[in-house]
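See structure below.
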Amino acid sequence: MWRNRGTARPPSLATMEAVPEPEPESGISPRHLLYSLVGWGLQAAFGVIAFASGLVAPPAGVAVIISVWAITAVYSVVNWRRTPWIPLGMGLLAGVMIVGIIAVGGAVLGWNA
């Protein structure tokens with residue numbers, strides 16, 4: 001962008017000076033970043049539980065549990081800029097679904113350690 005240093009004369013290259021462009025704002029608030037990091041921390045914690053579920057569930061059950069965890073983790077990472085609630089919600093959803101699948105498997109299908 002150029003600004004004219006002269007008076008009422010038409011601008012020419014000799015009378016123009018360069019004005020630096022302002023830096024674009026990222027638009028991400030600290031609270032948005034905090035919620036996203038907490039959500040990803042939950043994803044990491046429930047990822048450990050998902051991979052350790054092989055101690056309780058058979059291989060097919062572990063595949064379902066890890067698939068649920070992977071889908072929620074990928075969705076959380078891809079859509080984290082939309083709203084801070086997506087990573088947080090996906091972290092909580094992953095936990096509820098993993099614990100729910102293990103509980104239902106234990107009660108209905110007889111999974112036990």
Side-chain angles (χ1 to χ4, degrees):
M1 190 158 143
W2 297 91
R3 181 175 29 187
N4 190 0
R5 289 187 309 192
T7 58
R9 293 180 298 169
S12 67
L13 287 178
T15 61
M16 302 294 271
E17 67 182 28
V19 177
E21 292 291 326
E23 292 290 325
E25 293 185 23
S26 67
I28 297 175
S29 69
R31 183 172 51 170
H32 187 129
L33 189 59
L34 176 68
Y35 289 168
S36 298
L37 291 175
V38 168
W40 292 330
L42 288 171
Q43 282 286 353
F46 288 121
V48 170
I49 293 172
F51 282 95
S53 67
L55 299 171
V56 177
V62 174
V64 169
I65 292 169
I66 290 175
S67 297
V68 166
W69 173 78
I71 289 168
T72 57
V74 167
Y75 186 81
S76 172
V77 170
V78 169
N79 295 309
W80 78 280
R81 287 184 181 250
R82 284 188 186 176
T83 177
W85 299 108
I86 288 179
L88 191 58
M90 287 295 107
L92 292 173
L93 179 67
V96 167
M97 290 186 72
I98 289 169
V99 171
I101 290 170
I102 292 173
V104 168
V108 175
L109 302 173
W111 298 350
N112 56 11

- So, does Q43 use its side chain to make a donor-acceptor pair with the main chain of A94 at under 3.5 Å? no
- Task: Report yes or no: does S29 contribute a side-chain atom to a donor-acceptor pair with the main-chain N or O of H32 at less than 3.5 Å?
- Result: yes
- Query: Would you say the side chain of W111 lies within less than 4.5 Å of the side chain of I101, judging by non-hydrogen atoms?
  - Reply: yes
- All side chain to side chain donor-acceptor pair (under 3.5 Å) counterparts of W80, not counting sequence neighbours: none
- Residues in side chain to side chain donor-acceptor pair (under 3.5 Å) with S53, at least two apart? none
- Is it possible for you to say whether V108 and I65 belong to one hydrophobic cluster, with membership spreading through side-chain heavy-atom contacts below 4.5 Å? yes
- Item | M97 with V104, same ILVMFWY side-chain cluster at under 4.5 Å | yes
Looking at [atom1] of [X] and [atom2] of [Y], how far apart are the two atoms once the value is rounded to the nearest 0.5 Å?
| X | Y | atom1 | atom2 | answer |
| --- | --- | --- | --- | --- |
| S36 | W85 | OG | CH2 | 10.5 Å |
| I98 | I66 | CD1 | CD1 | 9.0 Å |
| L42 | L93 | CG | CG | 11.5 Å |
| I86 | N79 | CD1 | CG | 5.0 Å |

- Selection residues 94-104 - residue pairs positive for side-chain hydrogen bond (donor to acceptor under 3.5 Å, both in side chains), sequence neighbours left out: none
- For V74, the other hydrophobic cluster members (4.5 Å side-chain criterion, sorted by chain and number) are V78
- Do any pairs count as a ring-ring contact (aromatic ring centres under 6.0 Å, His included) and have a residue in residues 56-78, sequence neighbours left out, and if so which ones? F51-W69
- Query: Under the side-chain contact (heavy atoms from CB on, under 4.5 Å) test, which residues partner L37, sequence neighbours left out?
  - Reply: L33, W40
